[in-house]
2 protein chains.
Amino acid sequence: MSTLSEEPAWKQRAVERSTKAARLRAERKVQQFLEAAQEIILEKGSTDFTVQEVVDRSRQSLRSFYQHFGGKHELLLALFENALRRSADEIRAAASAEPDPLVGLRVAVRMLFETSLPDPSTQHPLFTDFATQLLMSYPTEVRSAHEPMLAVFAEMMARADAAGQLRSALRPRRAAAMVMQSVMFLAQSTAVAGEGESAHPLTADEVWEFCAGGFALRDVA
Amino acid sequence: MSTLSEEPAWKQRAVERSTKAARLRAERKVQQFLEAAQEIILEKGSTDFTVQEVVDRSRQSLRSFYQHFGGKHELLLALFENALRRSADEIRAAASAEPDPLVGLRVAVRMLFETSLPDPSTQHPLFTDFATQLLMSYPTEVRSAHEPMLAVFAEMMARADAAGQLRSALRPRRAAAMVMQSVMFLAQSTAVAGEGESAHPLTADEVWEFCAGGFALRDVA
DNA sequence: ATCTTGGGAGAATGGTATTCTCCCACGAGT
DNA sequence: ACTCGTGGGAGAATACCATTCTCCCAAGAT
C-alpha cells in the first residue's frame, strides 16, 4: 500500500509504457511462433515437429522460444486452445441458428465429430490427436482448453432443458461434458482402417444416435 | 515339396525339439520382462519407465530385450493386452451372471469404468493411460488389444438385443464399441481435480445413465 | 579339442528438448 | 559522440532415452 502511494503516477505510467511495449513485442513474437508451428503442422500433416523447426521457420532463436513458452507443450496447448476456440465459435454459430434445441445439438455433434476426425488434410486436422497426448501430462490445461467448446454444448443443452427436451434426471452441463468428450474421442478412435469383420469407421450420425438416445429401450433401475 | 520329403522325420523332430526349447526359453524371458515392467509401473504409479529400468530389474540385457520385443511399444502393448484381457474376463464373469441383459450391461459398464480410472493405487491402474498414447502410433494393435473387452460388451449387447431390449435401429456390435470406448475415455478424462465450478468427477452411474439412455427425451428426425 | 553361436555387458549413436555461454547491436544516459 | 547495460540472436553444451553395435565368453555341437 505505502509503496503504491509512494510511487507517483508518472512512474507507474512510465513503467506501464515500457511494459506495454514489451508486451506488444512479446505478443508479436508469440504469434510468429504459433504461425510457424501451424504452417509446419499443415505441411507435414502431423504434430510431431521439433522445436528447432519452429524456431528456424519463424526466423527467431531457441532462446527466444523458451523465453516465451515454458516448453514445447505450452506451444501445443496454445495451438490446441486456439483451434478449439475457433471451432467452438463456428459450431455455436451453426447450432444456435436452429430453432429446435435438439436439432441444434445434432448439428453441434455432427460438426464436432467431423472436425475431430484425424484427417490429415483439413485445416483443423490433428488438433485432437495431441489432445489425448496432453490430457495425461497436463490435464488441467487441457480441461481449460476444452472450456469454450464445453460452453457451447452446455448452452445448447440448457436450451434443450429449458424446452423440456432432456431426460429429467440429467444435469445439463455434465451431459454436455460427456457428449463433447465422447464425440471427440469416438472420432479419434474411429479413424483406423477396419481390419476385417465390420469395417469399423463410425459415422457422425451413429454417434449422434448413441449420444442422444443411448442404447437401452427401457430404463434400468 | 521335394525338400519336405527329402527331410526325414528325425530331422523335423530334431528341429522341432530345438525350436521348442528356444520357444520355451523365449517365453520365460518375455515373461520376466513383463513382470519387471509390471512391478515398476506399480511402484512408481506411472507408465513412463525407461527400457533400461526394465532390463536392470529383470536381470537381463538390453540386447536380449530388443531380441524379444520390437521396441518399448511392444512391451507396453503386451502389458496393455494382458491387463485388458484379464479385466474383460472378470467383467464377463460378473455381467453374464445377471439374468437381465441390461442389468448385466450396467454391471459391465460400472466395472469397466472403475478399472479405467487412472487411480495410482490399484493393480489395474494406468493401463488405460497409455492406451491413448499408443492409439495414435499403433492404432491397429490397440484395436486388437481392445478386442476381448469389445467381445464381452458385444455379447451382452447381443443378449439384450435378443431380448428386445435395444433401440431397434442399433447394430449391437457398434453400440458395444461406442459404449466401451466412451466409458474408458470418460473414466480417463474425469480423473482430474475439478478446478472450481462443478467439481467435475463423473461417477460410474452417471456414465451408465448416459450410455444407456442418452440425453434426449424424444427422437430427433 | 576346436568350432559355433546365443546372449551378457555396456559403449556408441541418434534424435530431441532444454539450458547455457558468448557476444553484439542498440538505445539511454553523460 | 562515447560509454554502458541489456535484450536477444546463434548455436554449442547438456540431459535423456530409445535403439544399435561391438566385444567377448561360455556351453553345446562336431
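Chain letters run A, B, ... following the sequence lines, proteins first and then strands; every chain starts at 1. None of these values were measured; they are calculated from a predicted model.
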Q: Any carboxylate oxygen within less than 4.0 angstrom of a Lys/Arg side-chain nitrogen, looking at A:Arg106 and A:Glu98?
A: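 Looking at A:Arg106 and A:Glu98, the cut-off is not met.
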Q: Is a donor from one side chain sitting under 3.5 angstrom from an acceptor on the other, for A:Asp205 and A:Thr203?
A: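 Not at all, the side chains of A:Asp205 and A:Thr203 share no donor-acceptor pair under 3.5 Å.
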Q: Under the side-chain contact (heavy atoms from CB on, under 4.5 Å) test against B:Ile91, which residue among B:Leu112, B:Val109, B:Val107 passes?
A: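 When B:Leu112, B:Val109, B:Val107 are each tested with B:Ile91, the side-chain contact (heavy atoms from CB on, under 4.5 Å) holds only for B:Leu112.
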Q: Run B:Leu77 and B:Phe69 through side chain to side chain contact (heavy atoms under 4.5 Å, CB included) and show every step you take.
A: CA-CA 10 Å; B:Leu77 246 355; B:Phe69 293 95; over 6 Å; no
Q: What's the CG-P distance between A:Leu75 and C:dT16, to the nearest Å?
A: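 Going from A:Leu75 (CG) to C:dT16 (P), I get 16 Å.
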Q: Between A:Ser64 and D:dG8, is there a side-chain N or O to OP1/OP2 distance below 4.0 Å?
A: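 Negative; the distance criterion is not met.
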Q: Identify, with sequence neighbours excluded, every residue that meets ring pair (Phe, Tyr, Trp, His ring centres under 6.0 Å) alongside B:Phe185.
A: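 If we apply the ring pair (Phe, Tyr, Trp, His ring centres under 6.0 Å) test to B:Phe185, skipping adjacent residues, the hits are A:Phe185.
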Q: For the helix from C:dA1-D:dT30 to C:dT30-D:dA1, figure out the bend between the end axes, five pairs an end, and round to 10 degrees.
A: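 What I find for the helix from C:dA1-D:dT30 to C:dT30-D:dA1 is an axis angle of 20°.
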Q: Which residues pass the ring pair (Phe, Tyr, Trp, His ring centres under 6.0 Å) test with A:His68, sequence neighbours left out?
A: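 Per chain and number, A:His68 pairs via ring pair (Phe, Tyr, Trp, His ring centres under 6.0 Å) with no residue.
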Q: Run the ring pair (Phe, Tyr, Trp, His ring centres under 6.0 Å) test against B:Phe215 and tell me which residues pass, sequence neighbours left out.
A: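 Partners of B:Phe215 by the ring pair (Phe, Tyr, Trp, His ring centres under 6.0 Å) criterion, ordered by chain and then number, come out as A:Trp208.
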Q: Summarise how protein sits on nucleotides 14-26 of chain D as a single string, 5' to 3': B when a protein heavy atom is under 4.0 Å from the base, S for sugar-phosphate-only contact, - for no contact.
A: ---SSBB-B----
Q: Please determine if a side-chain N or O atom of A:Lys29 lies less than 4.0 Å away from the OP1 or OP2 oxygen of D:dG7.
A: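 Negative; the distance criterion is not met.
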Q: Do the side-chain N or O atoms of B:Arg25 get closer than 4.0 angstrom to the phosphate oxygens (OP1, OP2) of C:dG6?
A: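 Answer no for this pair, as no side-chain N or O of B:Arg25 is under 4.0 Å from OP1 or OP2.
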Q: Calculate the interatomic distance between B:Gln60 atom CD and C:dG10 atom P; express it in whole Å.
A: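 My rounded result for the distance is 15 Å.
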Q: How close or far is atom P of C:dG15 from atom CG of A:Asp48, stated in whole angstroms?
A: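 Going from A:Asp48 (CG) to C:dG15 (P), I get 14 Å.
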Q: Not counting sequence neighbours, which residues clear side-chain contact (heavy atoms from CB on, under 4.5 Å) with A:Ala176? List them please.
A: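 Testing A:Ala176 for side-chain contact (heavy atoms from CB on, under 4.5 Å), a comparison that skips the adjacent residues, returns A:Leu150, A:Phe153, A:Ala154, A:Met157.
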Q: Using modelled atom types only, decide if a donor and an acceptor are shared between the side chain of B:Glu74 and the backbone of B:Gly70 within a distance under 3.5 Å.
A: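 Yes.
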Q: How many whole angstroms separate atom CG of A:Leu76 from atom P of C:dT16?
A: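 For the pair A:Leu76 CG and C:dT16 P, the rounded distance is 14 Å.
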Q: To the nearest Å, how far apart are A:Gln67 CD and D:dT6 P?
A: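 Checked: the CD to P distance equals 15 Å.
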